[in-house]
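Reviewing the structure listed below.
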Amino acid sequence: MRRVVRGFWGPWQEPVEALAERWSTTLNRFARLLTPAPGADPGPGAQWTWRTAPASGPSLPLQPDEASLVEALRTAQAADDWSAGNGTSLRLVADGLPPGWKVEVAGLAGGTPEFLLQSLVTTIVSPDDEPLPDAGLLTAVAEAWHPDHGDVSDRAVTAALKKEAGFRIGTPSVGWAGFLSPGRATRVPADWPAPRRELPGVGVLLDIAAPGDTAEVVRAYDVLRKAGALEPLPQPMTRPTL
């Protein structure tokens, strides 16, 4: 099964040291979430190693500690003058995974573009019968990056939202799970039926549907959109969250 865990936010200038701390926190939390309890079959988090996957140049092994990530981010900046205003782009791929698994994490952060969202997007491919902690993975992204909005979904969810709810790529959305920053969370209707969990100082996590249930996601998206909780950030963007 393929799923995507995403977080998006507006302009937020940060030095590479701050970005490296966020990256390290995210990667290490992902590894813990995907490492099974003692005595269980090994999961992907127990075995993986990381390597960079730049648009050009060699792929290099990477440890998920802050010093290694600072070096990787500086290398990415040096290779791409575009990063000065738009953010530093870093793409990592996990190696050493069990059969049937793939994990890729791509981020663009630390910049101040007025029309391009900053983001962290994790793509996970797993065996179809393998349950994953979707809400936990999205919580890890939310608490590490404090995004404006985020979700866990797949191609079927995106297709259903576009066809049945008028969703446009590049605008806020939700999936099986959704995350909303504090400003968006205040717009969630008082009679919201799905479970929600407050993340103090960060926002709210919405547990919307089981994986594969596109109909419930479409219904939730429609309710949240009409309530204003999924309104796009005003452009040109001047702040990271609504």
Side-chain angles (χ1 to χ4, degrees), residues 4-34 45 48-97 102-124 137-151 169-172 179 181 201-203 232-242:
V4 180
V5 184
R6 311 185 302 174
F8 298 96
W9 59 97
W12 188 356
Q13 189 169 27
E14 290 190 299
V16 293
E17 291 81 6
L19 297 178
E21 181 179 0
R22 296 185 192 279
W23 268 102
S24 180
T25 297
T26 304
L27 297 178
N28 285 312
R29 283 190 65 174
F30 280 2
R32 290 195 298 271
L33 285 165
L34 296 175
W48 65 22
T49 59
W50 293 100
R51 60 180 169 86
T52 61
S56 61
S59 175
L60 300 173
L62 177 76
Q63 294 297 320
D65 59 79
E66 292 182 31
S68 299
L69 285 158
V70 164
E71 183 178 354
L73 289 163
R74 286 179 173 158
T75 298
Q77 285 184 340
D80 188 0
D81 292 339
W82 179 78
S83 68
N86 289 287
T88 302
S89 178
L90 185 63
R91 178 169 167 256
L92 304 179
V93 176
D95 288 329
L97 302 180
K102 293 181 181 178
V103 179
E104 176 184 307
V105 188
L108 175 69
T112 56
E114 296 180 329
F115 299 98
L116 177 67
L117 287 169
Q118 308 284 275
S119 63
L120 189 85
V121 179
T122 302
T123 302
I124 301 174
L137 294 167
L138 184 56
T139 298
V141 172
E143 293 183 337
W145 296 90
H146 292 210
D148 179 55
H149 58 275
D151 60 80
I169 298 295
T171 61
F179 168 79
S181 61
V202 178
L233 285 170
Q235 292 194 346
M237 295 183 292
T238 59
R239 59 185 187 271
T241 62
L242 189 67

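Here the side chain of T112 pairs no donor or acceptor atom with the backbone of W12 at under 3.5 angstrom. At least one donor-acceptor pair closer than 3.5 Å links the side chain of T52 to the backbone N or O of L60. Remark: the backbone N or O of L19 is not paired with any side-chain donor or acceptor of E66 at under 3.5 angstrom. In this structure, D80 contributes its side chain and A76 its backbone to no donor-acceptor pair below 3.5 Å. For T75 (side chain) and E71 (main-chain N/O), a donor-acceptor pair under 3.5 Å exists by modelled atom type.
Summarising the geometry of Q77 relative to T88, their closest heavy-atom pair is NE2-OG1, 2.8 Å, with the distance given to 0.1 Å. The shortest heavy-atom contact between P54 and S59 is CD-CA, 4.2 Å. V202 and F179 make their closest contact through O-CZ, 3.3 Å (heavy atoms, listed as atom of the first residue, atom of the second, distance). Scanning all heavy atoms of the two residues, the minimum distance from D65 to S24 falls at CA-OG, 3.9 Å. Closest approach of V121 to R6, counting heavy atoms only: CG1-CG, 4.0 Å. In terms of heavy atoms, S119 sits closest to F8 at CB-CD2, 3.6 Å.
W145 is not listed as a side-chain neighbour of T25, based on a closest heavy-atom distance of 4.5 Å or more. At least one side-chain heavy atom of L233 sits under 4.5 Å from a side-chain heavy atom of L117. L27 is listed as a side-chain neighbour of L92, based on a closest heavy-atom distance under 4.5 Å. Here the side chains of L137 and I124 are in contact, with some heavy-atom distance below 4.5 Å. Side-chain contact between R51 and L62 is absent, with no heavy atoms from C-beta onward closer than 4.5 Å. Between L73 and W23 the shortest side-chain heavy-atom distance falls below 4.5 Å. Counting only heavy atoms from C-beta outward, the side chains of P147 and Q118 never approach each other to under 4.5 Å.
Once rounded to the nearest 0.5 Å, the distance linking CG of D95 with NZ of K102 reads 12.0 Å. Note that the CD atom of E114 and the CG atom of N86 stand 10.5 Å from one another [nearest 0.5 Å].
Of the N and O atoms on the side chains of S181 and D148, at least one donor lies less than 3.5 Å from an acceptor on the other residue.
For residues 233-242, no pair satisfies side-chain hydrogen bond (donor to acceptor under 3.5 Å, both in side chains), with sequence neighbours left out.
Under a cutoff of 6.0 Å and an axis angle of 45°, R22 and W9 do not form a cation-pi pair.
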* Do T139 and R29 pass the side-chain contact (heavy atoms from CB on, under 4.5 Å) test, and can you show the C-alpha distance, the side-chain angles, and the key distance before you say yes or no? -> CA-CA 10 Å; T139 298; R29 283 190 65 174; 4.0 Å; yes
* In sequence, state the C-alpha distance, the side-chain angles, and the governing distance for F30 and V103, and then conclude on side-chain contact (heavy atoms from CB on, under 4.5 Å). => CA-CA 10 Å; F30 280 2; V103 179; 5.6 Å; no
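Residues passing the salt bridge (Lys or Arg N to Asp or Glu O under 4.0 Å) test with E104, sequence neighbours excluded: R91.
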